[in-house]
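Treat the numbers as computed from the prediction; the structure is a model and nothing was measured.
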Amino acid sequence: MNIKLKIWRQPNAKSKGRFETYSLTDVSSDMSFLEMLDYLNNNLIREGKEPVAFEHDCREGICGSCGIYINGRAHGPQHRTTTCELRMREFKDGNTITVEPWRAAAFPVIKDLIVDRSPLDKIMQSGGFVTINAGAAQDANSILVNKKNADEAFDSASCIGCGACVAACKNSSAMLFIASKITHLAQFPQGQVETHQRVKAMVAKMDELGFGGCTNTRACEAECPKGISISNIAKLNREFFVAKLKE
Amino acid sequence: MNGIFSSSIGKKLIMSISGLFLMVFLLVHLTVNLMLLVGNGEVFNQAAHFMATNPAIKIIEPVLAIGFIIHILYASIITLQNRKTRPIGYSKTSSNGVTSWASKNMYILGGTVLVFLVIHITNFYWKLKFGEVPSISVNNGLTQIDDTYSLVSGLFISYWWFDLIYVVGAIMLGFHLSHGFWSAFQTIGWNNKIWIKRLEVIAYIYAIIIAVGFSIIPLYFLILK
Ligand code: HEM
Ligand code: SF4
Ligand code: FES
């Protein structure tokens, strides 16, 4: 298939970026979106031009580094799919595809399609951990967790920190990300020790770093490649109010 | 409780509680107003008189005003703060198939409701409190009460564009509540994967009751009187 790409190019964080248009012929519909970008970059390098910078690592939907805003959707048009797992068969021959970086004050562009997602790490550092010694595998087996909690925790723990929730939210809110971490840790005995501290610290950090608040538009859960539900946000809100009341 | 209301979630809690309070008020208000459709106005006049003179309602009135002010104030604070979070927007956006139009436009919808509210208050409340309203005798001539029915029916029968304003106002409010209703429960934390579907259905039912209920009153006077 032949496609046109309208890609955001920005040499560094300080410069003003702009869109460049590229035509690409003989794209296989079996290529992943990132393979298509590799193919484009090979062409650009051969022509002596600067390749398009984009972030990627696992290319199997587990590391969360590949987020790109494609045709007006975070991670592109396919539901519950990361950019690296998106296939070109989702597009039609002759399509023009608009490719932009995540847009949020909290996620400044570093280069082209790469943004600085370290604010999510800062939120994690503020409380997204347990301080007790969780031991080795056999210790985990000796602490009983009921099946319902284990399942819910597992769903929440599937968040890969890609930031699509922030990118898709009209308020650039990181609530779904935080909610998944809070819900995950709140299900386990190991997470109880600092549960109140954790939720207060993580929410305060989110507010401090320039993410917006939640207005329940559900854009986050619609675009989350892992299908994290906003029921996690309801749980986060409960945990937050309880923590504040117990102060 | 330290600093709860300066956090993003705490501010949203204020929106939610004030919104829930306003939604209860709307149900009471609609119930009284629907009495306009009963008989020749005696029932409504009596109900309006009861509402205007009852001490409990007198206490609730300023609370209601404060409820509105807080809701509008925090709506503005939250909306302004959230608008600052994306200095460079996307050049292309597409629907995700889930996000409702109302949820993205709550401030505009609320703003329209506010414009309507000002018109509505000058139409009736202001006149009843501070203006001249004809009175009518009830209890075999023993008591004189405001003829609120004539005030309302007069406006709706004489000016078709007021009927239009009231119907549009009711529909905008309906849209506001189609999102606001379930959103308020989500904000408080009373939601999960099962309840979200139920709350959405109840939200639509509530929104339709409010929009249709308040719309049929001006339409009744426009068409039937
Ligand atoms: C009778 C009138 C009104 C009722 C019953 C009402 C009810 C509600 C409810 C229940 C919510 C949901 C709260 C939540 O998501 O937690 C809400 C949200 C909202 N309301 Fe109202 N409202 C009314 C009037 C207004 C007015 C006059 C404005 C003026 C600007 C307004 C602006 C907003 C905004 C911007 C939101 C969204 C806030 C957010 O999601 O952050 N509302 N309203
Ligand atoms: S909640 Fe979903 S969209 Fe948000 S960071 Fe985690 S995986 Fe990505
Ligand atoms: S590259 Fe790891 S999730 Fe896409």
Side-chain angles (χ1 to χ4, degrees), chain A residues 6 8 17 19 69-74 77 79 97-106 109 166-173 175 199-200 203-204 206-207 210-223 229-231 233-247, chain B residues 1-13 15-16 74-75 77-107 179-197 199-200 203:
Chain A
K6 199 180 140 201
W8 183 259
F19 281 102
Y69 218 74
I70 303 162
N71 268 353
R73 302 277 306 270
H79 192 52
I97 306 172
T98 307
V99 187
E100 301 173 76
W102 285 170
R103 295 291 190 194
V109 173
V166 178
C169 173
K170 78 177 178 57
N171 314 319
S172 310
S173 178
M175 283 283 274
V199 66
K200 286 187 287 185
V203 170
M206 172 183 82
D207 290 349
F211 294 97
C214 181
T215 57
N216 301 334
T217 68
R218 306 181 78 172
C220 54
E221 82 175 351
E223 300 293 30
S229 153
I230 60 158
S231 62
I233 296 181
K235 168 110 175 139
L236 161 65
N237 291 350
R238 287 200 295 277
E239 295 279 332
F240 182 75
F241 299 139
V242 169
K244 282 288 185 187
L245 280 173
K246 292 224 167 129
E247 230 166 39
Chain B
M1 294 291 281
N2 199 359
I4 182 169
F5 297 125
S6 57
S7 68
S8 58
I9 301 182
K11 289 197 196 95
K12 199 53 218 260
L13 180 66
M15 290 299 299
S16 162
Y74 273 84
I77 295 173
I78 286 176
T79 308
L80 283 176
Q81 271 181 353
N82 285 341
R83 283 204 181 147
K84 277 191 270 176
T85 61
R86 181 161 294 139
I88 302 171
Y90 293 106
S91 81
K92 188 178 162 98
T93 46
S94 317
S95 159
N96 58 37
V98 174
T99 301
S100 70
W101 176 81
S103 74
K104 285 190 287 186
N105 294 289
M106 288 298 274
Y107 197 61
H179 174 71
F181 184 96
W182 76 261
S183 177
F185 289 96
Q186 165 80 7
T187 301
I188 291 177
W190 193 49
N191 202 356
N192 59 34
K193 277 184 187 164
I194 298 164
W195 270 95
I196 182 136
K197 296 187 196 88
L199 285 172
E200 269 186 321

Examine whether an atom of [X] lies under 4.5 Å from a heavy atom of chain B, and if so say whether it belongs to the side chain, the backbone or both; otherwise answer neither.
X	value
A/Phe19	side chain
A/Thr215	both
A/Ala167	both
A/Pro101	backbone
A/Lys6	side chain
A/Ala104	both

I'd like to know which of A/Ile230, A/Val166, A/Val109, A/Leu236 tops the heavy-atom pair count under 4.5 Å against chain B.
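Ranked by contacts with chain B, first place is A/Ile230.
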
Per-residue tally against chain B (heavy atom, under 4.5 Å) across A/Ser172, A/Gly212, A/Cys169 peaks at A/Ser172

Report yes if the side chains of [X] and [Y] come closer than 4.5 Å at any heavy-atom pair, otherwise no.
X	Y	result
A/Met175	B/Ile9	yes
A/Arg218	B/Ile196	yes
B/Ser91	A/Glu100	yes

Heavy-atom pair of closest approach, residues B/Asn191 and A/Arg238: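 Closest approach of B/Asn191 to A/Arg238: O-NH1, 3.5 Å.
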
Query raised in the report: Picking from B/Ser94, B/Ser103, B/Gly89, which has the most non-hydrogen pairs under 4.5 angstrom with chain A?
Result: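 That would be B/Ser94.
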
Residue from B/Ile188, B/Val98, B/Asn96 scoring the most non-hydrogen pairs under 4.5 Å with chain A is B/Asn96

Quick check on B/Leu80: does its CG atom have over 12 non-hydrogen neighbours (other residues, nucleotides or ligands) under 6.0 Å away? yes

Reported [atom1]-to-[atom2] distance for the pair [X] and [Y], which is rounded to 0.5 angstrom:
X	Y	atom1	atom2	result
B/Leu13	A/Phe240	CG	CZ	9.5 Å
A/Asn171	B/Gln81	CG	CD	10.5 Å
A/Arg73	B/Tyr90	CZ	OH	12.5 Å

Under 4.5 Å from a heavy atom of chain A, the part of [X] involved:
X	value
B/Lys84	backbone
B/Trp182	side chain
B/Lys193	both

Is the closest side-chain donor-acceptor distance between B/Ser8 and A/Asp207 under 3.5 Å?
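Per modelled atom types, B/Ser8 and A/Asp207 side chains form a pair under 3.5 Å.
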
Q. With a 3.5 Å cut-off and no angle check, do the side chains of B/Thr187 and A/Asn216 form a donor-acceptor pair?
A. yes

Do [X] side-chain atoms and [Y] backbone N/O form a donor-acceptor pair below 3.5 Å?
X	Y	answer
B/Arg86	A/Arg103	yes
A/Thr217	B/Thr99	no
A/Asn71	B/Lys92	no

